[in-house]
Amino acid sequence: MPAPQRLEGLAAGGVPESTAFAARFRTYVGRAPAAYLTWWRLSTAARLLRETAAPLAAVARPVGYGSESAFANACKREFGTAPGSFRRAHTAAAPEPRRPGEETG
């Protein structure tokens, strides 16, 4: 699911004024629409970084970042590290295959 890009896009679902929509959204969701959108984008990106080997641009685009640099800046603000570093720190390393005749232990 592509990320909505603006508050007006979220509000288009039936509430005519952005201000009224934002107030209702905050009441039901517990955070402002822009904060929720940022959370959604970065949560989805974090999952993609952990679970795929997709290039960073291919992770950034579907969650609403138009450039790798905008994505990297958002990751640094949220996670305290660049996307590549986040991926390395949160991806389980595959165990080395045992050599034939090697004991387990």
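Side chains included, hydrogens not; waters and symmetry mates left out as well; all remaining heavy atoms used. Here the structure is a predicted model, which means the values were calculated and not measured.
Closest non-hydrogen pair, Val63 versus Val59, comes out as CG2-O, 3.4 Å. Residue Thr38 comes nearest to Tyr65 through the heavy atom pair CG2-OH, 4.5 Å, listed as atom of the first residue, atom of the second, then distance. In terms of heavy atoms, Ala32 sits closest to Arg26 at CB-NH2, 3.3 Å.
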Please output the side-chain donor-acceptor pairs of residues 68-86 that fall under 3.5 Å, not counting sequence neighbours, one pair per line with the distance.
from	atom 1	to	atom 2	distance (Å)
Asn73	ND2	Ser69	O	3.3
Ser85	OG	Arg88	NH2	3.3

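To the nearest 0.5 Å, the span separating CZ on Arg50 from CZ on Arg87 amounts to 11.0 Å. Within the model, atoms CG of Leu49 and OG1 of Thr44 stand 11.0 Å from one another, a figure rounded to the nearest 0.5 Å.
Checked against side chain to side chain contact (heavy atoms under 4.5 Å, CB included), Ala23 has no partners two or more places apart in sequence or in another chain. For Arg47, the salt bridge (Lys or Arg N to Asp or Glu O under 4.0 Å) criterion is met by Glu51, not counting sequence neighbours.
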